[in-house]
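Following: one structure in structure tokens, then a few remarks.
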Amino acid sequence: MTGDRGEERSVQEALRRNGRSRAFTEAEDVFSALLADPGVQEARARVEAAETELGRELCARLQPFQDRYDQAVRDGDAGGLAGLCAGKHGRWGRVCVLPDGHETSMEEPHWGRTSEGRSIAWVGSAPDDW
């Protein structure tokens, strides 16, 4: 009898995993279809252009923060890096080089450089599971 219960639990767990797997697959299909929509692609392109333009506009004023960040990375200055904003861009990740709390203290959007070296500014933060 104990073996039957164990087997039954294993089957139930396998069914739960399969159901979750199917749900994730279906969700990915929905997201893919949504992101492929021409209207969504156009909106995404407009947002990216606005972020790039604002990033360029803020570059002269915020470049010293990028310089401090670059220096802290070169020096391995964990203390200098620890005080940085944890804001995360949905596409570029954690590239904000401004101090933590800058949205209220400086009233500035997030700002940094993409992996391609372009200045970028954005509002809000992507969730950590992106």
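Just so it is clear, the values below take in all heavy atoms, side chains as well, and ignore hydrogens, waters and symmetry mates.
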* Asked: Does some side-chain heavy atom of Thr52 sit less than 4.5 Å from a side-chain heavy atom of Arg118?
  ->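 Yes; the side chains approach each other to less than 4.5 Å.
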* Between Pro109 and Leu54, is any pair of side-chain heavy atoms under 4.5 Å apart? ->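 Result yes, sub-4.5 Å side-chain heavy-atom pair found.
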Separation between [atom1] of [X] and [atom2] of [Y], rounded to the nearest 0.5 Å:
X: Met106; Y: Leu62; atom1: CE; atom2: CG; answer: 5.5 Å
X: Ile120; Y: Cys59; atom1: CD1; atom2: SG; answer: 12.5 Å
X: Gln63; Y: Arg68; atom1: CD; atom2: CZ; answer: 11.0 Å
X: Phe65; Y: Cys85; atom1: CZ; atom2: SG; answer: 11.5 Å

Between [X] and [Y], is there a donor-acceptor pair closer than 3.5 Å when you use the side chain of the first and the backbone of the second?
X: Asp75; Y: Asp77; value: no
X: His89; Y: Ser125; value: no
X: Trp111; Y: Gly55; value: yes
X: Trp92; Y: Arg94; value: no

* To do: Test side chain to side chain contact (heavy atoms under 4.5 Å, CB included) on His102 and Glu107 and set out the steps.
  => CA-CA 6 Å; His102 65 86; Glu107 296 184 357; over 6 Å; no
* To do: Run the numbers on Leu81 and Tyr69 for side chain to side chain contact (heavy atoms under 4.5 Å, CB included), then give the verdict.
  => CA-CA 7 Å; Leu81 296 172; Tyr69 169 81; 3.8 Å; yes
* What's the verdict on side chain to side chain contact (heavy atoms under 4.5 Å, CB included) for Gln66 and Arg113, showing C-alpha distance, side-chain angles and the deciding distance? -> CA-CA 8 Å; Gln66 181 71 49; Arg113 295 208 182 272; 3.4 Å; yes
* Apply the test salt bridge (charged side-chain N to carboxylate O under 4.0 Å, His left out) to residues Arg22 and Glu26: give CA-CA distance (whole Å), side-chain angles for both, the deciding distance (0.1 Å), then the verdict. => CA-CA 6 Å; Arg22 257 192 327 221; Glu26 289 172 12; 5.1 Å; no
* Does the pair Glu108 and Leu98 meet the rule for a side chain to side chain contact (heavy atoms under 4.5 Å, CB included), with working shown? -> CA-CA 9 Å; Glu108 295 285 3; Leu98 300 180; 4.2 Å; yes
* To do: Is it possible for you to say whether Leu84 and Val73 belong to one hydrophobic cluster, with membership spreading through side-chain heavy-atom contacts below 4.5 Å?
  =>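 Looking at the clustering, Val73 is in the same group as Leu84.
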* Cut-off 3.5 Å, side chains only: do Arg74 and Gln71 have a donor facing an acceptor? ->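 Short answer, yes.
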* Between Arg44 and Glu48, is there a side-chain N and carboxylate O pair less than 4.0 Å apart? ->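 No, Arg44 and Glu48 are not salt-bridged.
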